[in-house]
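Read through the structure below, which is laid out as structure tokens, and then see the notes.
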Amino acid sequence: MDGFAMYAVVVIYFLTVAFLGYLGYKKTKDSSDFLIGGGKMNPIVMALSYGATFISASAIVGFGGVAATFGMGIQWLCFLNMLVGVVIAFIFFGRKTRQIGAKFKSSTFAEFLGSCYKSDRIRLFVAAMIFIWMPLYAAAVMRGGVFFMQEIFGISFDLALLVFTVIIASYVIAGGMKGVMYTDALQAVIMFICMIFLLIWFYKEIGMGFSDANQALTDLSDQIPNDLKAQGHQGWTAMPVFGSARWYTLVTSLIFGVGIGCLAQPQLVIRFMTVDSTKQLNRGVFVGCLFIFITVGVIYHVGSLSNIFYMQSQGCIASDVQVNDGGVLRTIKSDEIIPNFIGSAMPMWFSVIFMLCILSASMSTLSAQFHTMAAAAGYDIYGTWLGGRKRERKEKTTVVIRLAVLISIFLSFVICYYFQGNASQIIALSTSIFMGICASAFLPSYFCALYWKKATKQGAYASMWVGTLATIIGMLFFHMKEAKLVGLCRALFDSDVLLAGDFALVDPICYAFPLSAITIFVVSKLTAKK
Amino acid sequence: MFGIPDPQIWLVYILSVICVAFAAWFGIKFWNEEDEEGEISSLPRRKKNKKK
């Protein structure tokens with residue numbers, strides 16, 4: 001594919017996105033349209049939007065690289081994403097969320113929890129957590145998208161960041177939830193088709209069938225580097241040794257942390273409120289599940305099998321590939337494996353389509369984040385606090401939320417611009433904290449709002465604080481990955497972490513979530529009215 | 001099985017396919033399933049504390 005054709009494809013993509021944003025703008029009349037698409041979205045659009053929001057570029061590029069290093073054990077994450085993130089989320093959480101949301105006329109996750117517990121304080125807390133941590137998380141996603149913009153157009157980071165931000169800002173501000181969901185659906189279709197093609201082309205490229213390729217990968221187990229063997233790596237078609245460093249990282253952080261944490265993510269929960277009946281949710285289950293199965297399942301599968309391709313073409317495994325970095329050869333990083341593999345194994349024109357796929361994954365996640373942050377600031381915080389207790393006129397509220405989108409985008413833009421290089425660890429830490437807070441602080445209260453009538457607002461509020469603090473303390477003092485990055489534990493206690501051995505690899509969700517769940521139970525029992 | 005020696009790995013592939021099949025079955029089975037009457041009124045409800 002020549003340069004002109006490549007630019008043409010990308011320009012057509014952006015024009016289509018802009019048109020869908022315009023369509024959303026034309027159909028947005030009030031704050032309900034802007035926040036939850038008027039509650040009457042098509043179930044297929046909703047399911048595709050849910051899936052596209054769920055799967056960010058990190059899930060494809062980052063975890064694809066993890067699959068190339070760790071092997072097929074990462075498929076448990078794909079399975080949990082389907083089972084927990086779609087089947088359980090839609091059937092057990094989505095159904096009740098939609099019903100209660102409609103009953104209380106809730107338009108945001110914070111308002112939903114606030115209404116369930118009859119507490120403005122809870123609503124404000126949830127909105128504040130979203131508005132504090134999500135811009136940093138969004139900046140991380142933004143940086144991934146900008147990286148691919150640079151790759152496609154060969155432009156500077158600054159220009160790519162500006163163009164990327166302006167495009168997303170235009171359709172989120174103008175089209176609101178409808179604009180976001182229409183574009184999400186388009187982006188989901190691109191991702192889906194791209195992954196199907198990747199799978200077919202990959203098997204054609206290596207000249208093997210499903211079982212033969214798996215067997216070839218199994219036979220590569222004698223190529224595992226000694227340092228990975230020492231950490232418990234047993235091959236790409238086997239789980240790491242039980243209780244080993246690799247096992248803890250894979251199971252607690254990647255599988256449970258991400259797989260369970262997805263249940264209470266505000267940008268996903270709000271999508272249940274965009275349809276008008278339970279049957280629409282039922283209809284969306286299959287679409288959502290199939291989408292995850294193909295997009296996530298294929299990249300994890302192909303990522304693992306990329307070791308065969310590299311062994312055939314370069315005589316080494318994926319994590320040992322040497323790349324040219326400014327004239328100097330160095331070993332490839334984990335998140336460079338998938339882009340390198342696509343560039344090496346696939347035809348040139350597919351590389352462009354794949355970059356479009358990554359761009360779609362970034363944009364769909366990012367637009368949902370901007371929308372959620374704006375709703376938290378403009379609707380929840382302004383609506384309950386700055387706006388006093390008076391009900392705002394709907395037109396004015398929409399203007400305020402649009403302004404909040406602009407502020408949210410500007411915040412993420414500034415963070416993405418300034419926190420590069422060494423400071424990028426702050427973004428990585430904040431992303432982990434946000435994920436941890438969603439699971440540990442929000443999930444117990446969210447679950448009890450749906451299923452336990454005896455949960456009190458005091459219990460929910462205490463649980464949110466315990467979940468938040470346990471997550472932050474865990475990441476600063478107990479979990480090696482973040483604690484080592486921040487260095488606070490070393491400064492205070494002259495040690496990277498306060499836990500010994502492999503326990504420092506256990507994700508904080510494993511203790512923050514149970515603590516938060518116990519808190520809501522105990523405090524609700526203590527504060528229950530007889 | 002399928003060239004994969006570890007049951008923990010081939011099992012997850014089988015479970016994933018079953019999960020998709022279940023989602024398809026569920027979607028078709030409850031294609032027109034609406035909320036049952038009285039279901040919404042039985043949802044969790046909390047009394048607001050009256051301020052003194």
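Neither the backbone nor the side chain of A:Leu217 has a heavy atom closer than 4.5 Å to any heavy atom of chain B. Residue A:Val285 touches chain B through both its backbone and its side chain, counting heavy-atom pairs closer than 4.5 Å.
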Please table the atom pairs, donor to acceptor, closer than 3.5 Å between any side-chain atom in residues 3-21 of chain B and protein atoms at least two apart or in another chain.
from    : atom 1 : to       : atom 2 : distance (Å)
B:Asp6  : OD1    : B:Gln8   : N      : 2.9
B:Asp6  : OD2    : A:Met239 : N      : 2.7
B:Tyr13 : OH     : A:Gln75  : NE2    : 3.3
B:Tyr13 : OH     : A:His301 : ND1    : 2.7
B:Ser16 : OG     : B:Val12  : O      : 2.7

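Of the listed residues (A:Arg283, A:Lys279, A:Gln215), the greatest number of heavy-atom pairs within a distance under 4.5 Å of chain B belongs to A:Arg283. Counting heavy-atom pairs closer than 4.5 Å to chain B, the top residue among A:Asp219, A:Val287, A:Ile91, A:Ile292 is A:Ile91. Your options are A:Trp236, A:Phe90, A:Phe79, and the one with the most heavy-atom pairs under 4.5 Å with chain B is A:Phe79. Contacts with chain B were tallied for A:Leu281, A:Asn214, A:Asp212; A:Asn214 has the most, counting heavy-atom pairs under 4.5 Å.
With contacts defined as side-chain heavy-atom distances shorter than 4.5 Å, the pair B:Phe26/A:Asn282 qualifies.
A:Thr527 meets the side-chain hydrogen bond (donor to acceptor under 3.5 Å, both in side chains) test with A:Thr456; sequence neighbours excluded.
Within a 6.0 Å sphere centred on OH of A:Tyr203, heavy atoms belonging to other residues, nucleotides or ligands number more than 12. The 12-atom threshold is exceeded at CZ of B:Phe30, counting heavy atoms of other residues, nucleotides or ligands nearer than 6.0 Å. Atom CD1 of A:Ile44 has 12 or fewer neighbouring heavy atoms from other residues, nucleotides or ligands inside a 6.0 Å radius.
In this structure, A:Leu83 CG and B:Phe22 CZ are separated by 9.0 Å, a value rounded to the nearest 0.5 Å.
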